[in-house]
Every structure is written in structure tokens, then in C-alpha cells.
2 protein chains.
Amino acid sequence: MGGRAAYIAVDWGTTHRRAFAMSEAGAVLDGLHEERGVLALTADAYPAEIAALRARFGARPVIAVGMVGSNRGWQSAPYVDAPATLAALAEACLEPVPDVRIVPGVALRDGARPDVMRGEEIQVFGAIGVGAAPATALFCQPGTHNKWIETVDGAITDFTTVMTGEFFALFRAHGILAGMLDGAVEDGTAFRAGIRRGLASGNLAATLFEVRSGLLLDRLAPEEAAPYASGILVGADLGTRADLRRRPVHLLGGGHLAALYAAAVGEAGGDPVMVPDGSTTAGIHAIWSLRA
Amino acid sequence: MGGRAAYIAVDWGTTHRRAFAMSEAGAVLDGLHEERGVLALTADAYPAEIAALRARFGARPVIAVGMVGSNRGWQSAPYVDAPATLAALAEACLEPVPDVRIVPGVALRDGARPDVMRGEEIQVFGAIGVGAAPATALFCQPGTHNKWIETVDGAITDFTTVMTGEFFALFRAHGILAGMLDGAVEDGTAFRAGIRRGLASGNLAATLFEVRSGLLLDRLAPEEAAPYASGILVGADLGTRADLRRRPVHLLGGGHLAALYAAAVGEAGGDPVMVPDGSTTAGIHAIWSLRA
């Protein structure tokens, strides 16, 4: 199949890499999902990784996004400052070797607070490009570091990174709550109760302790602890979005986590819109289409 | 010296144990500070531990407070519900063996939110007992699990556990901020800036990520990261106390941490009052003095 590919699109993250053989029209012809994230690679390992992808998909140009362009990746592709357009990203691509382009991330450099992202921006541009979201919209990309992203007329104007997923993973593995949060997190009574508690919480470091005290005082059942704690974290995250009820929240990434966030947005009185999968390749294809 | 002791007071925590030979009048005659906390001991090890303390201080009655009375300690001493008086605690003491009493903790069982404590309550009663704080006051006991404690006419009526210290320790050791927070935390420009940022933060899981993005974008120097992050955590904690400017905050525990909190309370416009060391033994002595 690789013979028909026009180029190779790579979503190169911290722990995983997804690579796709892309047609000239932007169709995904073939794909690979591997545990070959940047943390598993040294900077000098990338030429061989590119050669392996070309052996699989054909000797085509490569466009890569994500942490591959960070100081822990291949080469550091300097951030484009917000407001950032797709054209600005395309223009700022790094070319570590001929026919390989690394798309930079976006930074809030000089505003009231600093923030950075690498990889989520391409999904936003992809979603807008395929019409899954309007050009002026609010996006949410749940994950280890949840991103809230605002666009105006197709440019990323503001965004906020929230360590919601990392908080949950850390508290499940370490500290006073370790061993209490091993249950499955599903949408249900406990998760919804957690969302409401989190929405009302002004102090996450206090509210999370209620998981322990609630268990000790039999106000919480052991199997409720994980979904309740997850709900607190997601609810606290949503609770700080003053604009949650004013416009739809376009949820990126799909899967279980996006579905949980959609439930939470609904519980908070907002309007969740699930963006179909494929935003990353759509965004990379938009970069490809802008080439000279 | 042990020969003059009337009883032995023990502050038995999670990781450490402090034991004191006490005179009938409440003076500390001798003391030991050891890494013999409850996590280092199985439940059947306590009789031998008591024997060792008596070998050192004399064959005297023992009064112990703290995690020794938890389900991870010797025997579980059921919580006294708030509002809790010193007399109620004394009455509810557990006697696992003759001449050894374990003072229970305090619980918020049926209110809007659950909470528990074991050990801090005795410091509050001690501070009030020696006149270091009025009978109606707001207390703060900084630590792994910071406690805000309110008293009315000498009874503990409300309290909040905030995992401020645990958050800092976890983020220093694990996750995206690991390796960035190893510097010393001192009161200074970065700590004060963190306090102001934390006071204004509505979302701790977002604001803490600014440590990483601030470093990446050269808005924060590496040596500022630890005091700035600590300031964010303490500031966010203080920022949720609506009563901070209405009455003094009596800081328990002393040392570097209480001094940092005193600086933070001042930065937030509050009135910090340092409670001199010795509240724990003063509180245990008040229990001793109430015996039949």
C-alpha cells in the first residue's frame, strides 16, 4: 500500500508514536501505532527511525508533530506565539534533515501567564479544517495534561494546560490516597457526585482529602473512591471555565476519556460536542497542503 | 531523671515518635525523638515499645496521641465528633492495656463534607490551655496535611485538611515537574510571587503547570521553581480562607514551615500569630489533669 502514499504523517508523543501513509488527497492509506515515543529514543536515533518508517510506507517526505520537536525529542522546534495560525505553524516548521519537517508547538509567551503545547494545536486545526468545529470555538483535549484551547477565526488565541490526568495518576500511585483509587472510572453515580463536588470546590488540595475521610467515616464505599476522585478532579477543572455554558465544548481525542469529559460538561450545564477521530491527520494534511 | 516523672506523654505519628517524661505539674523532664512511627510498627509490637519507654522514663502511666490510635496504629480509637471539647476527648480515651491511654482524634461526620484529624487537636487544646491562643480562634497547623482548625469557646467546631505539603512532595518526586523542584524553599521574591499567583489561582492543576511553562519560556529561573511552586500551593490554600483577614491565624508547629506560612498569611493581608512550641505536651497534660 505504501507505494501510493504521497507523504508520511507522524504523531510523535512522549510515550507513543502513530505513523500514517497519506494520499495526496489526505486519505489515510496505512498506519502504525508503536511504543516509540521520544522518551524511548535518543536524539541520534531519529534518522534510523525515519528510515524504518520509509521502509514500511515508502521513501516519502515526512511531517511530524508533537514532542518530537521538544527539547526531549529530536530537535527543538521553537514555539510559535499565540495568536497562532496554521500558516504560521507551516512556515515555522523545522527541517532537521531534508524531506523531514517537524511542526512546532504554540506558546503563550508574554501574557498574564505562560503556557505551552505541542501536538494538540494540530488537532484543533484539523477539526476546523474538516468542518468538525467552527473557526471560532472552544476545544478541550482531555489527557494527562488536559488542554483548553480557544480559537478566533481559525487562529489559536488562548489555551490552558490543566494537569488533571497527571494528578489522578500521581494520587493513585503515591501518597495518602494510594491504594484507594485503583477501581475503574466509569460514568455513574459516584463520578457524577464527584463532578458536582469538584465544581463547587475552591480548593482541590482540600477536596481530594475528602476521599480519604469519606472512606474512613463510611460516607464513601471503596469502589466509589476512584470515580468520585476522578469526578472531583474533572469537576474542579470545569469549574474554573467561566465560559462553559456560553458555547459548545468541542472534545478532541475520542475514546473513554473524552466520553467522561462529555458527561462532565453536560453535568456542569455545558454543551459537549464530540469531534470525530482523525483530527491529527487532518491537521497534518493541512500543513502538507500549504507547502510551496 | 525518669524517677521524678508522674507520667509519660507520647506524640506518636506516622513516621516519628516523640516521648516525654512529664512532671505532675506538666513540666517536661526528659524527652526522646525517634523514627518509631506507626508505619514502622505492627500492632503487636506496641507492648514492647511501651516497655522500652518505661525502661527509659520509669514505670509510669502513658498517654499517647496521634496516629497510634488509627487503623494503621496500635488500636483504633473511634473519633470524637465535632464540636469536640477536651473533656470529651479525655472521656473517650482508649485503654488498650492498663495504664496506657490513647487519645482519639476528631471527625466531621455528618456535615456538608467529611474530615478527620489525629494529633492536631491536642495542640489546639494545649495552645488554648496555656493562653497562647484565645478559646475562640482560628488555627493553622502546616505540614504534609495542613489543618485549618476553628474553635469556639474552647471546642473544636470545624476544620479542613489540605494536602498542601503532600502535593509539593509528590510533584517534586514524580510527574512532569519532577527534577524542577529540588531547590530550597525560602521566603523571598520567588516564594512571594508564588503566593500571589496561588492566591489568585482558581485552578491549582492549571497554575502548577505554569512552573514548567515558565521555565520553558524563560519567565522563571531554575532556582526559583521550588519556592515559586511552594508559594503557589500555600497561596492557593490561603486563598480559599474567606476568614483570613477577619481574625488572627494562630500557627502551630513552629519551625521553618510555620515561618513560611506566617509570611504567606502576611502576604495575603492576614495577621499571623506564632504559637510557641510545647502545645502537644501542654494538651496531653490537660488530659492528664482531667483524670479522675
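Naming: A, B, ... by sequence-line order, numbering from 1 per chain.
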Closest approach of [X] and [Y], non-hydrogen atoms and distance?
| X | Y | result |
| --- | --- | --- |
| B:A206 | A:T160 | CB-CG2, 3.8 Å |
| A:L177 | B:E166 | N-OE2, 4.5 Å |
| A:A205 | B:T164 | CB-N, 4.4 Å |

Can you say whether [X] sits under 4.5 Å from chain A via the side chain, the backbone, both, or neither, judging by heavy atoms?
| X | result |
| --- | --- |
| B:L216 | side chain |
| B:E210 | both |
| B:I176 | both |
| B:R72 | side chain |

Mutual orientation of the aromatic rings belonging to A:F171 and B:F171 [parallel < 30°, tilted 30-60°, perpendicular > 60°]:
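A:F171 vs B:F171 ring planes: perpendicular.
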
If you count heavy-atom pairs under 4.5 Å with chain A, which of B:A169, B:A173, B:G111 comes out on top?
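Option with the top pair count is B:G111.
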
Most chain B-contacting option - heavy-atom pairs closer than 4.5 Å, from A:D110, A:T161, A:V116, A:D115:
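Answer, by heavy-atom pair count under 4.5 Å with chain B: A:T161.
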
Whether A:S213 side chain and B:P114 backbone form a donor-acceptor pair below 3.5 Å:
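Yes, A:S213 side chain to B:P114 backbone: donor-acceptor pair under 3.5 Å.
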
Give a yes or no on whether the backbone of A:R109 and the side-chain of B:R219 come within a donor-acceptor separation of less than 3.5 Å.
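Indeed, once roles are kept as given, a pair shorter than 3.5 Å links the two residues.
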
Against chain B, label A:A112 side chain, backbone, both or neither, depending on which of its atoms sit under 4.5 Å from a heavy atom there.
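Just its backbone gets close to chain B.
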
Could you state the interatomic distance from CE (B:M163) to CG (A:L204), rounded to the nearest 0.5 Å?
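Reported to 0.5 Å precision, the distance equals 8.0 Å.
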
Interatomic distance, B:F209 atom CZ to A:K147 atom NZ [nearest 0.5 angstrom]
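It is 4.5 Å, given to the nearest 0.5 Å.
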
Taking atom CD of A:E91 as the centre, does the number of heavy atoms from other residues, nucleotides or ligands within less than 6.0 Å exceed 12?
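Counting neighbours around CD of A:E91, 12 or fewer heavy atoms of other residues, nucleotides or ligands fall under 6.0 Å, so no.
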
